[in-house]
Amino acid sequence: MEVKNIVDLKTIKTKMRARTKDEALKELTELLLKNEYITDVDGFMKDIYAREAEGQTGIGNYIAIPHGKSDFVKKIGVAIGIIEEEIPWETLDGKGVKGIILFAVGNDNDGAQNHLKLLSLFARKLGNDEVVANILQSKKAEDVKAAFSN
């Protein structure tokens with residue numbers, strides 16, 4: 001499993017105008033529904049917020065990786081949102097968020113293993129400041145995918 005193979009151009013949204021965490025998560029969740037990664041927006045959102053209640057998902061450097069294992073996931077995937085203006089989010093460095101990487105993984109043993117693999121794969125990429133800068137400056141989905149492919 002490689003990041004570039006998980007990233008789907010149809011589930012990347014750049015130039016988002018969300019002003020809150022909830023607006024951004026809802027927009028990305030609807031993108032996952034539209035592309036048949038999940039079966040229910042409200043149920044998936046509830047599972048995301050259950051995980052959010054356990055601890056912050058803002059990893060710093062303007063990036064958040066919200067996730068939650070959910071029975072509403074049809075197939076493993078990720079939605080990526082790039083927001084034009086920083087929005088408030090609970091983060092390790094106290095800054096807001098401009099880039100959101102939302103994981104969709106199932107709520108079973110395979111889902112748990114895939115969840116850890118995805119977190120590890122993306123964490124490696126997001127540990128590189130140049131990759132993060134390229135992601136946050138992306139104007140279109142292809143730019144985001146290219147940033148993760150380097």
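In what follows, every heavy atom counts, from backbone to side chain, and hydrogens, waters and symmetry copies are set aside.
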Rounded distance [0.5 Å steps], [atom1] in [X] versus [atom2] in [Y]:
X      : Y      : atom1 : atom2 : answer
Leu25  : Glu23  : CG    : CD    : 10.5 Å
Thr20  : Lys26  : OG1   : NZ    : 11.0 Å
Ile83  : Leu136 : CD1   : CG    : 10.0 Å
Leu28  : Ile12  : CG    : CD1   : 10.5 Å
Ser149 : Lys125 : OG    : NZ    : 7.0 Å
Ile59  : Ile65  : CD1   : CD1   : 4.5 Å

Kindly give the heavy-atom pair with the smallest separation between [X] and [Y], and that separation in Å.
X      : Y      : value
Lys145 : Val7   : NZ-O, 3.1 Å
Ala147 : Ile135 : CB-CG1, 3.6 Å
Ala24  : Ile87  : CB-CD1, 4.1 Å
Gly77  : Leu118 : O-CD1, 4.4 Å
Met16  : Gly81  : SD-CA, 3.4 Å
Gln56  : Leu92  : NE2-CD2, 2.8 Å

Next item on the list: For Lys21, look at atom NZ and say whether over 12 heavy atoms of other residues, nucleotides or ligands are found less than 6.0 Å away.
Entry: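 More than 12 heavy atoms, drawn from other residues, nucleotides or ligands, come within 6.0 Å of this atom.
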Next item on the list: Please say whether more than 12 non-hydrogen atoms of neighbouring residues, nucleotides or ligands are located less than 6.0 Å from NZ in Lys75.
Entry: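 Counting neighbours around NZ of Lys75, more than 12 heavy atoms of other residues, nucleotides or ligands fall under 6.0 Å, so yes.
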Check: Taking the six-membered ring of Tyr62, is the NZ or CZ of Lys98 close enough (under 6.0 Å from the centre) and on axis enough (within 45°)?
Finding: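 Yes; both conditions hold, so Lys98 lies above the ring face of Tyr62.
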Common cluster, [X]/[Y], ILVMFWY with side-chain heavy-atom separation under 4.5 Å:
X      : Y      : answer
Leu119 : Ile48  : no
Tyr49  : Leu102 : yes
Leu9   : Val131 : yes
Met45  : Ile38  : yes
Phe103 : Val97  : no

Margin query: Set out, in order, the CA-CA distance, both residues' side-chain angles and the distance that settles side-chain contact (heavy atoms from CB on, under 4.5 Å) for Ile101 and His67, then state yes or no.
Written below: CA-CA 8 Å; Ile101 296 140; His67 51 278; over 6 Å; no
Notebook entry, point to check: Is there a donor-acceptor pair under 3.5 Å between the side chain of Thr11 and the backbone N or O of Val78?
Noted result: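 A pair under 3.5 Å: yes.
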Next item on the list: Look at the side chain of Asn61 and the backbone N and O of Ile63, then say whether any donor-acceptor pair between them is shorter than 3.5 Å.
Entry: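 Here the side-chain-to-backbone pair does not exist.
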Margin query: Would you say Thr91 and Asp93 are linked by a side-chain donor-acceptor pair, where the criterion is simply a distance under 3.5 Å?
Written below: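 Note: Asp93 and Thr91 side chains meet the donor-acceptor criterion.
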Next item on the list: With sequence neighbours left out, write down each residue that passes side-chain contact (heavy atoms from CB on, under 4.5 Å) with Glu2, or none if nothing qualifies.
Entry: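 Partners of Glu2 under the side-chain contact (heavy atoms from CB on, under 4.5 Å) test: Lys4, Asn5.
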Item checked: Verdict with supporting geometry, Lys140 and Asp143, side-chain contact (heavy atoms from CB on, under 4.5 Å) -> CA-CA 5 Å; Lys140 54 188 186 206; Asp143 297 339; 3.4 Å; yes
Margin query: Contact between Thr29 and Tyr37 at the side-chain level, heavy atoms closer than 4.5 Å - yes or no?
Written below: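 A side-chain contact is absent here, since even the closest heavy-atom pair is not under 4.5 Å.
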Next item on the list: Using the side-chain contact (heavy atoms from CB on, under 4.5 Å) rule, take Leu33 and Phe44 through it: C-alpha gap first, then chi angles, then the decisive distance, then the call.
Entry: CA-CA 10 Å; Leu33 179 71; Phe44 186 65; over 6 Å; no
Next item on the list: From the options Asp47, Asn107, Thr39, select the one residue that forms a side chain to side chain donor-acceptor pair (under 3.5 Å) with Ser70.
Entry: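 Between Ser70 and the candidates, side chain to side chain donor-acceptor pair (under 3.5 Å) is satisfied uniquely by Asp47.
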Next item on the list: For Trp89 and Thr57, run side-chain contact (heavy atoms from CB on, under 4.5 Å): C-alpha distance rounded to whole Å, both residues' side-chain angles, the deciding distance at 0.1 Å, then the answer.
Entry: CA-CA 8 Å; Trp89 201 290; Thr57 55; 3.3 Å; yes
